[in-house]
Amino acid sequence: MANNNKQQLLDQRYLKMADVWSQNSYCKRRQVGALLVKNQMIISDGYNGTPSGFENVCEDENDKTKPYVLHAEANAITKVAKSGNSSDGATLYVTSSPCLECSKLIIQAGIKRVVFTESYRLEDGINLLKRADIEIKQVDI
């Protein structure tokens, strides 16, 4: 029982950190943050935004998200790939449930657990993760 409570506290704390990290995003419509944690160490982080070297403007003149904006999960996963660390067996903490495209990356990256706060408007990403037997947990912070 004590171990379960400890995990719940850690989940809430990492989600709070992901929420703080989301504030680095220049996106106006929605700011999302993500942390990759393995063996109780943060091995990567990410927030939604444009690719490196692009202008920090996520929306076009019609307030639509530009098609090349990267999601927080994709940024965290690609960042860990560059670092030489392995995300195999890691937990992804993200402030919004993953979309379908990010869920594919999560599966391929070997991430075993996804903990999030807000539900994304579409559930196809979560459904794909469940199909891949990845543990899903929604937590309030």
Side-chain angles (χ1 to χ4, degrees), residues 2-141:
N3 223 8
N4 202 13
N5 285 346
K6 183 180 179 189
Q7 187 60 58
Q8 192 161 350
L9 268 176
L10 283 172
D11 287 348
Q12 289 175 323
R13 287 178 181 152
Y14 284 127
L15 280 172
K16 284 178 186 170
M17 292 169 72
D19 187 53
V20 169
W21 202 244
S22 75
Q23 295 167 29
N24 287 318
S25 172
Y26 287 90
C27 297
K28 292 180 185 137
R29 293 182 64 212
R30 185 173 210 184
Q31 293 179 311
V32 180
L35 293 178
L36 262 174
V37 176
K38 186 174 178 178
N39 301 325
Q40 296 183 339
M41 288 189 321
I42 297 168
I43 60 169
S44 190
D45 53 57
Y47 51 87
N48 57 326
T50 55
S52 298
F54 282 61
E55 75 291 344
N56 287 320
V57 179
C58 298
E59 294 83 14
D60 64 18
E61 58 280 350
N62 299 317
D63 205 33
K64 295 271 186 238
T65 301
K66 293 178 180 177
Y68 53 84
V69 167
L70 289 153
H71 288 185
E73 305 94 315
N75 270 325
I77 290 167
T78 54
K79 192 173 179 180
V80 80
K82 277 173 83 173
S83 76
N85 273 325
S86 170
S87 56
D88 197 36
T91 297
L92 176 71
Y93 292 92
V94 62
T95 58
S96 179
S97 61
C99 70
L100 185 62
E101 292 303 311
C102 287
S103 292
K104 292 181 210 176
L105 293 175
I106 290 165
I107 293 165
Q108 291 302 95
I111 294 164
K112 295 296 175 213
R113 193 166 173 262
V114 175
V115 183
F116 66 94
T117 46
E118 294 177 17
S119 289
Y120 183 62
R121 60 185 168 82
L122 301 173
E123 289 190 15
D124 49 357
I126 289 292
N127 293 336
L128 185 66
L129 293 175
K130 287 178 183 173
R131 190 170 158 200
D133 289 326
I134 292 174
E135 183 186 338
I136 310 293
K137 188 174 179 189
Q138 186 169 12
V139 175
D140 290 326
I141 53 171

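- Distance check: R29 CZ to N48 CG gives 11.0 Å after rounding to the nearest 0.5 Å.
- The main-chain N or O of N62 is found under 3.5 Å from a side-chain atom of D60 such that the two form a donor-acceptor pair.
- Note that CG of L10 is 10.5 Å distant from CD of Q8, once rounded to the nearest 0.5 Å.
- Using a distance-only test at 3.5 Å, with no hydrogens or angles considered, a donor-acceptor pair links the side chain of Q138 to the main chain of T117.
- Of the inter-residue distances, the one linking K137 atom NZ with F116 atom CZ reads 11.5 Å to the nearest 0.5 angstrom.
- The structure places CZ of R121 at 11.0 Å from OG of S97, a figure rounded to the nearest 0.5 Å.
- Listed for the T95 side chain is no donor-acceptor partner under 3.5 Å among the backbone atoms of A18.
- Heavy-atom neighbours of K66 NZ from other residues, nucleotides or ligands within 6.0 Å: above the threshold of 12.
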Determine, stepwise, if the pair Q7 / D11 fulfils side chain to side chain donor-acceptor pair (under 3.5 Å). CA-CA 6 Å; Q7 187 60 58; D11 287 348; 2.8 Å; yes
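- In terms of heavy-atom proximity, T50 sits nearest to E55 at OG1-O, 2.8 Å.
- Side-chain atoms of S96 do not come within 3.5 Å of backbone N or O of V32 as any donor-acceptor pair.
- Within the 4.5 Å cutoff, the side chain of H71 has no heavy atoms near those of the L105 side chain.
- Of all the heavy atoms in N75 and G49, the pair that sits closest is ND2-N, 4.2 Å.
- Although no hydrogens or angles enter the test, the distance criterion places a donor-acceptor pair under 3.5 Å between the side chain of K38 and the main chain of D88.
- Taking CG of D19 as the reference point, atom CD1 of I141 lies at 4.5 Å (rounded to 0.5 Å).
- Among all heavy-atom pairs drawn from L36 and A76, the shortest one is CD1-O, 3.9 Å.
- In this pair, W21 and Y47 present their aromatic rings perpendicular. The plane angle is above 60°, beyond the 30 to 60° band.
- The CD1 atom of I111 sits 12.5 Å away from the CZ atom of R113 when rounded to the nearest 0.5 Å.
- Between the side chain of S103 and the backbone N or O of G125 there is at least one donor-acceptor pair closer than 3.5 Å.
- No more than 12 heavy-atom neighbours from other residues, nucleotides or ligands sit within 6.0 angstrom of CG on N39.
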